[in-house]
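Heads up, the thing below is written out as structure tokens.
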Number of protein chains: 4
Amino acid sequence: MTNETFTAQAGPRAEGTAPTVGVGMLGYAFMGKAHSNAYKKIPYLMYPPVAIPRLVAVCGRSQAPTVEAMQRYGYDTCYTDWHKMLDDDRIQLFDNGTPPDAHADPCIAAAQAGKHVFCEKPLARNGDEARHMRDELARSGVKNMVAFNYRFVPAVRQMRDIIRSGALGQLYHFRASYLQEWIMPHYHTPMIWRLEKERAGNGVVGCLGSHIIDLGRFLMGEIKSVAALTRTFITERPKADGSGMGKVDVDDAFASAVEFENGAIGTIEATRFGAGHKNDQVVEVNGEKGSLRFRLERLNEFEAYWVDEQPRETQGWHTVLVTEGYHPWMANWWPHGHIIGWEHTFVHELNHFLDCIVNDKDVAPDGATFEDGYRACVICDAILESAASRRHVDLQY
Amino acid sequence: MTNETFTAQAGPRAEGTAPTVGVGMLGYAFMGKAHSNAYKKIPYLMYPPVAIPRLVAVCGRSQAPTVEAMQRYGYDTCYTDWHKMLDDDRIQLFDNGTPPDAHADPCIAAAQAGKHVFCEKPLARNGDEARHMRDELARSGVKNMVAFNYRFVPAVRQMRDIIRSGALGQLYHFRASYLQEWIMPHYHTPMIWRLEKERAGNGVVGCLGSHIIDLGRFLMGEIKSVAALTRTFITERPKADGSGMGKVDVDDAFASAVEFENGAIGTIEATRFGAGHKNDQVVEVNGEKGSLRFRLERLNEFEAYWVDEQPRETQGWHTVLVTEGYHPWMANWWPHGHIIGWEHTFVHELNHFLDCIVNDKDVAPDGATFEDGYRACVICDAILESAASRRHVDLQY
Amino acid sequence: MTNETFTAQAGPRAEGTAPTVGVGMLGYAFMGKAHSNAYKKIPYLMYPPVAIPRLVAVCGRSQAPTVEAMQRYGYDTCYTDWHKMLDDDRIQLFDNGTPPDAHADPCIAAAQAGKHVFCEKPLARNGDEARHMRDELARSGVKNMVAFNYRFVPAVRQMRDIIRSGALGQLYHFRASYLQEWIMPHYHTPMIWRLEKERAGNGVVGCLGSHIIDLGRFLMGEIKSVAALTRTFITERPKADGSGMGKVDVDDAFASAVEFENGAIGTIEATRFGAGHKNDQVVEVNGEKGSLRFRLERLNEFEAYWVDEQPRETQGWHTVLVTEGYHPWMANWWPHGHIIGWEHTFVHELNHFLDCIVNDKDVAPDGATFEDGYRACVICDAILESAASRRHVDLQY
Amino acid sequence: MTNETFTAQAGPRAEGTAPTVGVGMLGYAFMGKAHSNAYKKIPYLMYPPVAIPRLVAVCGRSQAPTVEAMQRYGYDTCYTDWHKMLDDDRIQLFDNGTPPDAHADPCIAAAQAGKHVFCEKPLARNGDEARHMRDELARSGVKNMVAFNYRFVPAVRQMRDIIRSGALGQLYHFRASYLQEWIMPHYHTPMIWRLEKERAGNGVVGCLGSHIIDLGRFLMGEIKSVAALTRTFITERPKADGSGMGKVDVDDAFASAVEFENGAIGTIEATRFGAGHKNDQVVEVNGEKGSLRFRLERLNEFEAYWVDEQPRETQGWHTVLVTEGYHPWMANWWPHGHIIGWEHTFVHELNHFLDCIVNDKDVAPDGATFEDGYRACVICDAILESAASRRHVDLQY
């Protein structure tokens, strides 16, 4: 070896510098892509890495697309039966990126097999199912985490850290909406699993609502009660296989008034019938000393207002471009002003889980645990119950 | 007279060109200023005028400030007893700009004296009081109107006209918030009439909420039910006269989920504890074919989205600068891009009422009648009842 | 007189409380309307008034519309020959709202007749004409002011006051554009006086450019040199009287790089071919300690950035809603969050001139004098010269 | 092999499915990170891939950080002498991510060694050096590309495609600024290569200006002349090694008026003294039929205005969220509303170059060639010449 050429000795990276964690991924579609991408980026962007995820195996029900996913993302192996994947000793982290009806059994089995479990949200189809998962995971002793990835948006984390520091003083209001549009009539969306109660548990309440419910708990604290309305605007849709019409038995939209244990009140709303809103999550907190506001479609920014700002002549809402090295995680990325994307929330999130695994840290309170996933499910249930009973519903865990 | 000099023959304007309507104004503070300003601008800005308001008299309880208001705004006369003002035959239009506890008696007496009645919002302290006013006014046969001036923001009226044309198709969602901050702790606001149930009827529900409730009815149609929460964050405040603490017996904030008779659902919320929100009313409608959104602090704009827009490559939310001659009322003002202010909503509103008076037109549906004022009060009552009973409340008129 | 009725003794307002200033208005179109409206609002909105403008006479070339303007705005008299109006002893303030070719003679004659002179911008068709006006006005000893009304936008004045306090430190950059669109092809605009050199002096350079040139001087200090390009995109337009095509002999657009005496550099640009820009003036200043930015279509706001802001986690551009009582002039208007309009800049501006007249104050530096009007004309000339000579042009006054 | 387990046969991805292109990367800092990240993402995100980049070697001057970069990004080998790297037969694509003074020799040598060349911008320190590079590369016959990555922002490409289709009609204006702040006094930035003429060629003109100059050519066509001013606000800075002060011999800022061959005029400006502007590139085009506007700090959006939009009541500027599958490249990423980041421009850009290499396609006009890089350098020279000579400078290539 001369001083001009240095061939890597131990493969493409010095894997000895950080512990390796073998990953088994269940699902290869939307979330499979997002999670796989994150695992691939962690080693060189969360640098120096706390752990090196090794893409051991991906599992899906159909052989051809699973093989393709394996090759596309660089997994060593693939499976079409998740039980088999759980037998693979190279796997320490089981990542469940499937719909809610495939969460409970694989997650519990993985935990019982001693694998740490990362599960997509909502954790389960309802509070009872989620409680069972939480209890079984607790019993197993493995690390567990639910993919409420918006906790890992730098702007959101910055807001949480500000609130937690007490800088907003007493909290008065939470105002959150998560609006999408892709099942509106002009999309001609057929029956899909997200519109079936058997598979999804419920509709937009769990799919979009659970995200802002979790942010409500993350930013404000526990929710005390909900008063809600739901709607299903299109009750029949053509089945994807052409075999006639299917019944939509979940909600397309909900609106709710909520109260928090700290005395604050607010609104939480989600819909897939919000024309013009592509992935429009907006979250605002009003406190005694200031306000904070976030919008997902501009995820590199948040807005802040301080009641005691000086000079008063320029007091106003700050549009904060969250790209400084002192903003959460941003020192890992690019010089300020060079924005990151939605996919990078998963990089931060899964890196946190890896850190918890290899360094035996607590997933909470920065990350969402199965306990958080369970509570979100209970709140989703309460929203549906309030809409059905036409009464305010107090939350009990 | 030479051809170079033409002295006005009949005073500063040719009053014969449009009928004159004598105005008697009760109250000279915030709303008295706003209404007086509007009357003064109508003759030369809503041009040619449908009617010329003549500022006959202003009435207030205290002599000195009432005299000052008379002189400041150019009223011919002033009174300190409204009964006396109602005897003044020069007055055809009685304008009530007082707090809610001084609405019912003067308005009813004015109507019985044959004067057309314009009353500030909320119409009354509660639905019962408002119903009585509505019934008495109906009996009298005079024109009546409630000052829901935001119907007369050009952007709001444009949105209403679009919705009414059917261009949005089926309506799915209404989302409205009206946020202010001026009674937050750092303002050290003392007890004022707006915080007393006896005078105001309720708190932010009627003061700010009634505006967006009326816009909900104006844009969407009737509300069917509400589920609400309220809060009073500061329950004691120093009396303005220094005689110790007073009890705040109204709401500081409310949050509600509402359903409309057309099947839409939404949220309506108002607070005076929204740090950073000065006069921040936001209203959004989502329909089958598009969405519309308005924000009062940028009242010369609204945003629009069309689901079928072409070319699709530039589909997005339009920020519409509502200053074109074809936008409602704007031909009366300035060339496009030259914005108007909050005060001008009253010019449009009172000009509408004058037009109804002199041309015997219906105040509704463009303007709000006492029937509209009554319904807003009933909905305010229902919000308070839902918060108290912790149940969804169906509306009944 | 009882204690319930107080009839105004001396007409609609107590005119004795403030000195009256008789106004003679030349022109009744766009600017005549804007100025007349301002005179009418001053007595009750800039309260208590420093002076009461009395609308003595309006003058126009055609009898019928001049009579109509007299009646519409409430002038006592009207004239069709401005020489006659200058003989009217009731007039102390001569307001010239005509095109540039009618600025010099009437303004000079009015000054020689001892009347204070307020003149629309640009002051003249070129620097030589403006210098002559400035010199003659100086000789006369009357007050003089040029209608650079954007100095009287509360946001702009606030920015000027901040800069003048030294809070921005050394100034590095000025960036201004004034974009309109109303002579683009799809408007089918015929030949009008604004497109004729004989009447307007030049095109967009003087009409729009002079406004931002004045703001450059107001905010930054003197301009040292310019390097510019101009364009006339449509060189022939149909004459308004149908008698064939007319030649456009002025510029439709210009772009320039400018340097200031304080060492800063920047760009100044204006066009009437800026599709989508209705009245879009944008002005930005970058300094050592912060930046300020203003946009006319949202004239109730400006944006501010401070380099040393704490906490750094929420550092960003502030969107300042300029409606607080401590913002310039705003205590005269409405509670915060209730925005004002474009017309109100004239209220502030003419009130300043009235104050200067009755209290013998200096128009400068807050208002623009004929000296400022002259310098703006010299800079406009330099822009045209640079475009023609293709060289940087140093300014000399 | 059972039907439940499929082990990848040929490594982590099926490399046979697309041709492999060996990459040799010169430089491992900011641009090395950005390019390496892009190469790693291409295979699974630009899917199915047109080519599989193989990270063969990275080269840097210092051994330790080069080894670290090799391990971090997964290069097979590293070098500290670029001549050696050019001998490596596994490399087909030479990627030069170094400062301008290290562009010419390595790029020319690489081309002469038969390697396709991708070079960071600005292509060279001045037009002469760039012309030499262009000529040598042309002689070699290899593919060449300059890293004007903002052509590969989906929003920018969408704008270019719209303009190129003729949808804007005649073009009137181009307005571009690229503002940063990181060498302002409060940053205490020492002497760095970007401030040395010997290494960088010039200052902000080439570093930031060349990007918007290239976008001007990309969107509008060729530039005909420039009239410019430059400034160096801080002329001495402490050397990074503590050995006293160094002389800044490049520009900190420039402002220019430009004309295009198509008759349009505009402004182009860049600075590193724009307080509050982190990476704020703004580009706007005004045409006969509409306008388009882009801002880099919100790179997932652009704004569009159409002069003939219907219905006229909602005409306005569209804020386009560029995340639909029909927007350029976006089908490769996530569902609409899920935004991408700055890094992804390099994924699109380098994928284009790989496509050109393996499928023998032309880099232009979608990508920037050495010809484009050369022209940008000539324009940079002209800006400096105009500022020095104080004359308009015509461009000649």
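Note on naming: letters A, B, ... go to the chains in the order of the sequence lines (proteins, then strands), and numbering restarts at 1 for each one. All values below come from the heavy atoms of this structure, side chains included, with hydrogens, waters and symmetry mates left out.
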Notebook entry, point to check: Would you call C:R312 and A:Y326 a side-chain contact if the rule is heavy atoms closer than 4.5 Å?
Noted result: yes
Next item on the list: Search all heavy atoms of A:V320 against all heavy atoms of C:T314 and return the closest pair with its distance.
Entry: CG2-O, 3.5 Å
Check: Does any heavy atom of chain C fall under 4.5 Å from the side chain of A:Q315, the backbone, both, or neither of them?
Finding: both
Item checked: A:E309 versus chain C, the contacting section by heavy-atom distance below 4.5 Å -> side chain
Notebook entry, point to check: Among C:M159, C:H327, C:H318, C:E324, which has the most heavy-atom pairs under 4.5 Å with chain A?
Noted result: C:H318
Check: Given a strict heavy-atom distance threshold of 4.5 Å, which part of A:F302 is in contact with chain C: side chain, backbone, both, or neither?
Finding: side chain
Check: To the nearest 0.5 Å, how far apart are CD in C:Q158 and CD in A:E313?
Finding: 5.0 Å
